[in-house]
Visitor: 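Pasting a structure below so you can have a look.
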Protein chains: 2
Amino acid sequence: MSVDRDQVLRSAAALLTRKGSATMDEVAKAAGVSRATLHRHFAGRDALVRALEDLGLRECLAALDDARLDEGTAHDALRRLVGEIQPAAGLLAFLVTENALFEGESRHEGWARIDDRMTALFRRGQRDGEFRIDLTAVWLTEALYGLISAGAWAVLDGRVAANDFRHMIAELLIGGARRREEP
Amino acid sequence: MSVDRDQVLRSAAALLTRKGSATMDEVAKAAGVSRATLHRHFAGRDALVRALEDLGLRECLAALDDARLDEGTAHDALRRLVGEIQPAAGLLAFLVTENALFEGESRHEGWARIDDRMTALFRRGQRDGEFRIDLTAVWLTEALYGLISAGAWAVLDGRVAANDFRHMIAELLIGGARRREEP
DNA sequence: CCCGTATGAGACATTCCTGTCTCACGTGCG
DNA sequence: CGCACGTGAGACAGGAATGTCTCATACGGG
């Protein structure tokens with residue numbers, strides 16, 4: 001009977017990513033609830049986006065924790081991260097795209113911490129000689145966001161199987177598209 | 001005196017990518033023109049998005065032509081493509097993100113042709129043994145879109161230098177982040 | 001069983017956006 | 001100079017979206 005708040009947010013993210021001008025009515029329909037109920041849970045569009053931020057932030061932090069980024073090789077940590085973050089990929093795609101992460105001129109504070117942890121992973125990989133250094137850690141972080149978003153959309157559109165999400169993203173980011181003699 | 005139509009469209013794309021719910025008034029302000037003038041050039045929001053589609057389509061097709069995708073190695077063709085498409089990266093980021101490319105259920109016809117040409121490049125690279133085959137050509141195409149968008153945003157935010165755009169994207173896509181002994 | 005709780009449907013006033021119009025101003029050209 | 005053209009600023013009505021409200025209904029616990 002009770003509405004699944006997180007599920008509503010996920011539907012909203014999926015819709016808003018593809019149609020940023022969607023109205024509250026459309027969001028409600030997409031989530032399968034009435035506009036009245038949507039308003040009971042989220043005071044307005046701003047509150048809805050805020051809630052999306054919060055949920056995305058929490059899920060990303062949880063994924064970062066579960067991925068144990070400082071254990072093992074940076075390669076393996078990155079693979080774990082992509083796998084752990086997959087459930088939040090849709091939310092992430094929305095948040096990365098939308099200005100939601102920016103307040104004023106600088107990035108959302110909580111988001112900056114996520115950025116930092118990811119960048120730190122790439123830096124560790126570079127220090128340990130696992131990652132090349134001509135591609136900056138900051139760029140690798142941005143690229144990871146971009147690939148996760150692209151992966152989320154590709155899965156939604158049926159262009160990539162959900163089961164391949166982790167492999168496609170992690171292997172492309174780590175090893176690139178070049179064919180190699182030795183694995 | 002006369003308004004630069006393409007410049008208005010580029011400003012609109014940059015704004016709409018980050019704030020999909022922006023109003024015509026905000027678009028006009030961002031482009032540095034009055035709302036009246038914006039309306040004189042684009043009948044309404046739909047017409048504006050249509051014009052964005054057209055411009056993006058034209059620039060991407062031009063980039064594809066100039067990149068001569070079927071000449072030389074697939075690696076080099078990809079590098080040329082990324083370089084040629086950089087001026088259109090902002091537009092592309094908007095079009096990839098927004099539902100603009102979808103009409104009904106299937107992708108915009110003109111866009112499907114661009115997709116095909118890019119995918120064909122990756123397939124050629126796979127046939128010639130340049131690209132690995134465990135990452136599908138369709139995914140590599142999607143990933144290229146994602147990386148171009150991420151690159152456009154990173155440049156806009158000053159996180160990556162404009163001059164590094166081509167290298168960061170092409171090298172990451174081709175070679176990945178892994179450090180190698182032999183180049 | 002009955003009551004509390006949460007939802008869906010719809011009405012409503014208000015606010016905001018849109019699309020169009022008019023008028024004044026500045027620029028370029030003949 | 002005088003004219004044509006394009007623009008900025010603002011007013012305006014119409015419409016769409018928002019936010020709030022009421023009422024009926026369905027479910028679930030006590």
Side-chain angles (χ1 to χ4, degrees), chain A residues 1-56 58 90-91 94-95 97-104 108, chain B residues 1-56 58 90-91 94-95 97-104 108:
Chain A
M1 183 183 186
S2 213
V3 161
D4 181 346
R5 186 184 155 101
D6 284 6
Q7 193 50 47
V8 170
L9 286 175
R10 266 175 242 283
S11 303
L15 175 61
L16 289 175
T17 305
R18 289 303 195 178
K19 186 176 178 185
S21 62
T23 67
M24 294 292 277
D25 206 32
E26 292 173 297
V27 172
K29 275 192 177 60
V33 301
S34 72
R35 197 166 64 91
T37 299
L38 184 63
H39 260 284
R40 283 186 192 105
H41 285 272
F42 311 102
R45 195 195 182 80
D46 288 352
L48 180 68
V49 174
R50 286 274 190 85
L52 281 170
E53 282 178 30
D54 286 346
L55 180 60
R58 271 186 286 122
L91 271 170
F94 169 74
L95 294 173
T97 295
E98 201 73 359
N99 207 328
L101 315 181
F102 292 78
E103 35 187 25
H108 185 290
Chain B
M1 183 183 185
S2 215
V3 161
D4 183 345
R5 186 186 155 101
D6 283 6
Q7 193 49 48
V8 170
L9 286 176
R10 266 174 242 283
S11 303
L15 174 62
L16 290 174
T17 306
R18 289 303 194 178
K19 186 176 179 188
S21 62
T23 67
M24 294 292 276
D25 207 31
E26 293 174 296
V27 172
K29 276 194 178 57
V33 300
S34 72
R35 198 166 64 90
T37 299
L38 184 63
H39 259 286
R40 282 186 192 106
H41 286 271
F42 310 102
R45 195 197 182 78
D46 288 352
L48 180 67
V49 174
R50 286 274 190 88
L52 280 170
E53 283 178 29
D54 286 347
L55 180 60
R58 271 186 287 123
L91 273 169
F94 168 73
L95 294 173
T97 295
E98 201 74 359
N99 206 329
L101 316 180
F102 291 78
E103 36 187 24
H108 185 290

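First the proteins, then the strands, lettered A, B, ... as listed; each starts at 1.
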Visitor: Mind checking what makes side-chain contact (heavy atoms from CB on, under 4.5 Å) contact with B:Arg58, not counting sequence neighbours?
Guide: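 If we apply the side-chain contact (heavy atoms from CB on, under 4.5 Å) test to B:Arg58, skipping adjacent residues, the hits are B:Leu55.
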
Visitor: Would you please name every residue forming a side-chain hydrogen bond (donor to acceptor under 3.5 Å, both in side chains) with B:Asp6, sequence neighbours left out?
Guide: none

Visitor: With sequence neighbours excluded, tell me which residues meet side-chain contact (heavy atoms from CB on, under 4.5 Å) with B:Asp54.
Guide: none

Visitor: If you compare every side-chain N and O of B:Ser34 against the phosphate oxygens of D:dA9 (OP1, OP2), does one of them come in below 4.0 Å?
Guide: no

Visitor: I need the CG-C1' distance between A:Leu38 and D:dG19, as an integer number of Å.
Guide: 12 Å

Visitor: Please state whether the phosphate of C:dG8, meaning OP1 or OP2, lies under 4.0 angstrom from any side-chain nitrogen or oxygen of A:Thr37.
Guide: yes

Visitor: Output side-chain donor-acceptor pairs under 3.5 Å for residues 7-14 of chain B, partner residues at least two apart or in another chain, one line each.
Guide:
{"unit_1": "B:Arg10", "atom_1": "NH1", "unit_2": "B:Glu59", "atom_2": "OE1", "d": "3.3"}
{"unit_1": "B:Arg10", "atom_1": "NH2", "unit_2": "B:Glu59", "atom_2": "OE2", "d": "2.8"}
{"unit_1": "B:Ser11", "atom_1": "OG", "unit_2": "B:Gln7", "atom_2": "O", "d": "3.1"}

Visitor: Holding to side-chain hydrogen bond (donor to acceptor under 3.5 Å, both in side chains), I want the full list of residues that pass it with A:Ser34, two or more places apart in sequence or in another chain.
Guide: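 side-chain hydrogen bond (donor to acceptor under 3.5 Å, both in side chains) check on A:Ser34 returns A:Thr37.
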
Visitor: Distance from B:Arg18 atom CZ to B:Phe94 atom CZ, nearest 0.5 Å?
Guide: 13.5 Å

Visitor: Under the rule for side-chain contact (heavy atoms from CB on, under 4.5 Å), what residues qualify as partners of B:Ala30, not counting sequence neighbours?
Guide: B:Leu15

Visitor: Dot-bracket for DNA chain D, please, read 5' to 3', with Watson-Crick or G-U wobble pairs under 3.5 Å on both distances, ( ) within the strand, [ ] crossing, | other strand, . unpaired.
Guide: ||||||||||||||||||||||||||||||

Visitor: Let me know the distance between NZ of A:Lys29 and C1' of C:dG8, rounded to the nearest Å.
Guide: 12 Å

Visitor: Does B:His41 make a side-chain N or O approach to OP1 or OP2 of D:dT7 shorter than 4.0 Å?
Guide: yes

Visitor: Rounding to an integer number of Å, can you tell me how far B:Arg5 CZ sits from D:dG6 P?
Guide: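 For the pair B:Arg5 CZ and D:dG6 P, the rounded distance is 14 Å.
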
Visitor: Return a single string for nucleotides 17-22 of chain C, one symbol per nucleotide in 5' to 3' order, where B is base contact, S is sugar-phosphate-only contact and - is none, cutoff 4.0 angstrom on heavy atoms.
Guide: SBBB-B

Visitor: Provide, to the nearest angstrom, the distance between the CG atom belonging to A:Asp4 and the C1' atom belonging to C:dA6.
Guide: 14 Å

Visitor: Under 3.5 Å, sequence neighbours excluded: what are the donor-acceptor pairs made by side chains of residues 45-52 of chain B?
Guide:
{"unit_1": "B:Arg45", "atom_1": "NH1", "unit_2": "B:Ala22", "atom_2": "O", "d": "2.8"}
{"unit_1": "B:Arg45", "atom_1": "NH2", "unit_2": "B:Gly20", "atom_2": "O", "d": "2.8"}
{"unit_1": "B:Arg45", "atom_1": "NH2", "unit_2": "B:Ala22", "atom_2": "O", "d": "3.4"}

